[in-house]
Enquirer: 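Sharing a structure, written as structure tokens. Questions coming.
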Amino acid sequence: MIKNINVALIGNPNTGKTSVFNALTGLNQKVGNYPGITVEKKQGYCRLDRITKARILDLPGTYSLNASSMDESVVIELLLNKNDPDFPDVAVVVTDVENLKRNLLLFTQIKDLEIPTVLVINMSDQMSRKGIKIDIEKLKEKLNTEVVLISTRKNLGVELLKEVLVNYRQLSKAPILDTKTIDPAYFESLSRAFPNQSLYKLWLVITQDVNFTKLQRQKVPDTTAFRTQPKSYLKRLQQRETIRRYQVINQILKATYQVNREEATDLRTRLDNLLIHKFWGYVIFFMILLTIFQSIFDWSSVPMDFIDASFANLSDWTKAQMPAGILTDLITEGVIPGLGGIVIFIPQIAFLFLFISILEETGYMSRVVFLMDRGLRKFGLSGKSVLPLISGTACAIPAVMATRNIENWKERLITILVVPFTTCSARLPVYMILISLVIPDERIIGINYQGLSLMGLYLIGFLMAILSAAILNHILKSPNKSYFVVEMPNYKLPLLKNVAITVWEKTRSFVVEAGKIILAISILLWFMASFGPGKNFSEAESLMTEKFSQASLSEIELEQEIAAFRLENSYIGILGKSIEPLIKPLGYDWKIGIALISSFAAREVFVGTLATIYSVGSGAQETIKKRMARELKSDGTALFNLATGISLMLFYAFAMQCMSTLAIVKKETNSWKWPMIQLLSMSIIAYLAALIAYQLLK
Amino acid sequence: MFSLDQLAIGQKAVIETIETDLLPLKLIEMGCLPGNEISLLYLAPYSDPLYLKVDEAHLAIRKEVAKFIMVKPLLND
């Protein structure tokens, strides 16, 4: 008989909570995110002993149970709802040995919810170096629970924690602070109105007005015994609660915690002097950005070329192995290229998250927030918008989710709305193929035109994001004041295990979630291109043979004519032709039209679609680029000339072509209003930019 | 006594009063309480945001919020 228990990991940000989670669960974890689930929910499993298995939930980092951002509200929502299947049997509050006082604030709040609570003091290997001494036995006695010293870096204490968790029933549930002492009169009346209820829980229900999601809970009704108090009064009580808690904590620490602050200039001061220097700080930040982009483009091109070639070979090989027929066609022309279109992004996504997780793990990200806040605020953004904007260069979906810790609603909303302008990796294959088609591979003073164009496209995306932010900043009204408070954590060497797990998790969820859509669309496209209504499609062969019976065509040429005619009369051909009048002024024909339609689901489908269309159209195997270069307009000149190429690139730079992003924006803003505004305005901007570019250049 | 944003870099002070209705609760939770020691470590360009050490916490806040915290400088020893 296996006994299952629920364990919740709770703690301030930057305490190494995730390291403890990783130490307990290893790779035995799963992250729910992407469309369908609003808040990233990390859970994992851990065998505690022979008969006990723990489901461990890594809750978002929070400083207290007074939520000021959406991530924080998740913690309260769970801890107040006993009926939630995730409600913990035992809570583990992870603290950092250096900031124990502030960390204990959250601990006392959790303990007061009358949940068995274990205190974990992390980074205990730093104690002697920092001159810290803790009387653990006395601390256990004062806090009335188990205290476990852990060092995830040195892998100490994890086994002891497991042991404590197995015996969680022996932990006391007694609260630490008597809630009544915060304001005797108010809480007396509250307990008279609601006898038999935990006062602290009632208090949380009354005060926690969560900003971005509607918490489902019953309102506390007015009775003769109890009157609802105005917000300002409640806020003052919350402050008094905090002060009371610190008084209690100070007393406890006085008896148990000793610190000898003798070290002179420590690592923090020396690094901060450089990294947030008014000049060098910015230079270093831009150097780091440069390295990140360099790696995304340069270093990942090797594995990407390899993946590209492998899938082409796989397709050919499969074709040779399987009997000719519709199933083989579906697999070799629909499924395999579709899969290739997903796998090819793995190197870039992995590199990006490698850097992002290192920047976060080391504590550098907070310094960037500090450096950039003032400049970005002019545009209605926040220093905390930097991370979403950088993440946006990989994918807008994690970027939109990364806006959650921006406390100010207006700044958060603007960041969400402009993030899709940053050049995500899905645009890259589109840019790459178009640039190589229309921009000459020549150099001016040693700089390659093609590389320059790519950089220009990134700049255009970023400038458009900033410009739209500035416009939105003027239009939108701000309902609440700014609550910009950023902790500046100590610098740390990144834990390899944490970085590896982040990279693995993010890449995996990209492949699985975005991959599903790309694969589905590739298959759908193949079907729509392989079937069509009416005689023209079904009798294409005889019609064409008849038409060209006088002309002396080789067998291959005739086959190509048949295939092209068939494509024109397939479902997708009909669809493309119907939108041709709309896109003709941009310089596009109906085949590009098909690619545009299909890439409204996801941009990266563009190249795959053209590949499908042209390979269905030609039959012969040749690279997509050569095939595109051969495509002619009705006047006999190349279709993909400079004007069309630039027009297409601008269209892809600005258009909102990603269903998954729209879905995540809907989830994060809780309404269809914002994604629809995003879709409409971005499409209009894209259309106009492409129109102007084509008409000027043609 | 003056407001926090007027403190010089490196100067230590003690928090005297806080504008309780205007200050975000989070700051109080981070230790911005009357009686606690506070010092200004760094300033970003245009003197905003401010990088502070409060009690044992290191944090950054914007100038607009710093105006709500009144401090009394400690004499440098």
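To find a chain, count down the sequence lines: A is the first, B the second, and so on, and within it residues start at 1. Just so it is clear, the model here is predicted, and its values are computed rather than measured.
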Enquirer: Can you tell if the side chain of A:Lys254 reaches within under 4.5 Å of the side chain of A:Gln251, non-hydrogen atoms only?
Expert: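 The answer is no; the side chains never approach within 4.5 Å.
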Enquirer: Step through the shown structure and confirm whether more than 12 heavy atoms of other residues, nucleotides or ligands are within 6.0 Å of NZ on A:Lys278.
Expert: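 Yes - once you tally the heavy atoms of other residues, nucleotides and ligands closer than 6.0 Å, there are more than 12.
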Enquirer: Heavy-atom distances under 4.5 Å only: say whether A:Arg240 touches chain B with side chain, backbone, both or neither.
Expert: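 No part of A:Arg240 comes within 4.5 Å of chain B.
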Enquirer: Which one wins on heavy-atom pair count under 4.5 Å against chain A: B:Ile61, B:Ile18, B:Leu25, B:Leu33?
Expert: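 With the most close heavy-atom pairs to chain A, the winner is B:Leu25.
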Enquirer: Against the six-membered ring of A:Tyr200, is A:Arg245 placed for a cation-pi contact (under 6.0 Å from the centre, within 45° of the normal)?
Expert: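 Here A:Arg245 passes the 6.0 Å and 45° test against A:Tyr200.
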Enquirer: Non-hydrogen atoms of chain B under 4.5 Å away: do they reach the side chain of A:Arg102, the backbone, both or neither?
Expert: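 The answer is both parts of A:Arg102.
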Enquirer: Would you say A:Tyr63 and A:Glu487 are linked by a side-chain donor-acceptor pair, where the criterion is simply a distance under 3.5 Å?
Expert: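 Checked: A:Glu487/A:Tyr63 side chains pair up, N/O donor to acceptor below 3.5 Å.
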Enquirer: Below 4.5 Å, heavy-atom pairs only: which of A:His277, A:Met372, A:Gln238, A:Lys101 has the largest tally toward chain B?
Expert: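 Top count of heavy-atom pairs under 4.5 Å with chain B: A:Lys101.
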Enquirer: Using heavy-atom distances under 4.5 Å, tell me whether A:Asp272 contacts chain B through its side chain, its backbone, both, or neither.
Expert: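 Contact with chain B is through both the backbone and side chain of A:Asp272.
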Enquirer: B:Leu23 versus chain A, heavy atoms under 4.5 Å apart: side chain, backbone, both or neither?
Expert: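 Backbone of B:Leu23 only, per the 4.5 Å heavy-atom cut-off to chain A.
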Enquirer: Taking only residues at least two apart or on different chains, which pairs with a member in residues 9-49 of chain B satisfy ring-ring contact (aromatic ring centres under 6.0 Å, His included)?
Expert: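 Every ring-ring contact (aromatic ring centres under 6.0 Å, His included) pair that includes a residue of residues 9-49 of chain B, provided the two are not neighbours, is B:Tyr42-B:Tyr51.
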Enquirer: Provide the closest heavy-atom pair for A:Leu376 versus A:Ser382 in the form atom of the first, atom of the second, distance.
Expert: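 For A:Leu376 and A:Ser382, the tightest heavy-atom pair comes out as CD1-O, 3.4 Å.
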Enquirer: Looking at A:Tyr491, I'd like to know if the NZ or CZ of A:Arg270 sits under 6.0 Å from its six-membered ring centre while staying within 45 degrees of the ring's axis.
Expert: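 No cation-pi geometry.
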Enquirer: Which bit of B:Ile28 is near chain A, if near means a heavy-atom gap under 4.5 Å: side chain, backbone, both or neither?
Expert: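 Looking at B:Ile28, backbone and side chain both touch chain A.
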Enquirer: Side chain, backbone, both or neither: which part of B:Leu50 has an atom under 4.5 Å from a heavy atom of chain A?
Expert: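 The backbone, not the side chain.
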Enquirer: Given a strict heavy-atom distance threshold of 4.5 Å, which part of A:Leu100 is in contact with chain B: side chain, backbone, both, or neither?
Expert: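 Contact with chain B: backbone only.
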Enquirer: So for A:Phe370, is it side chain, backbone, both, or neither that comes closer than 4.5 Å to the heavy atoms of chain B?
Expert: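 Contact with chain B is through both the backbone and side chain of A:Phe370.
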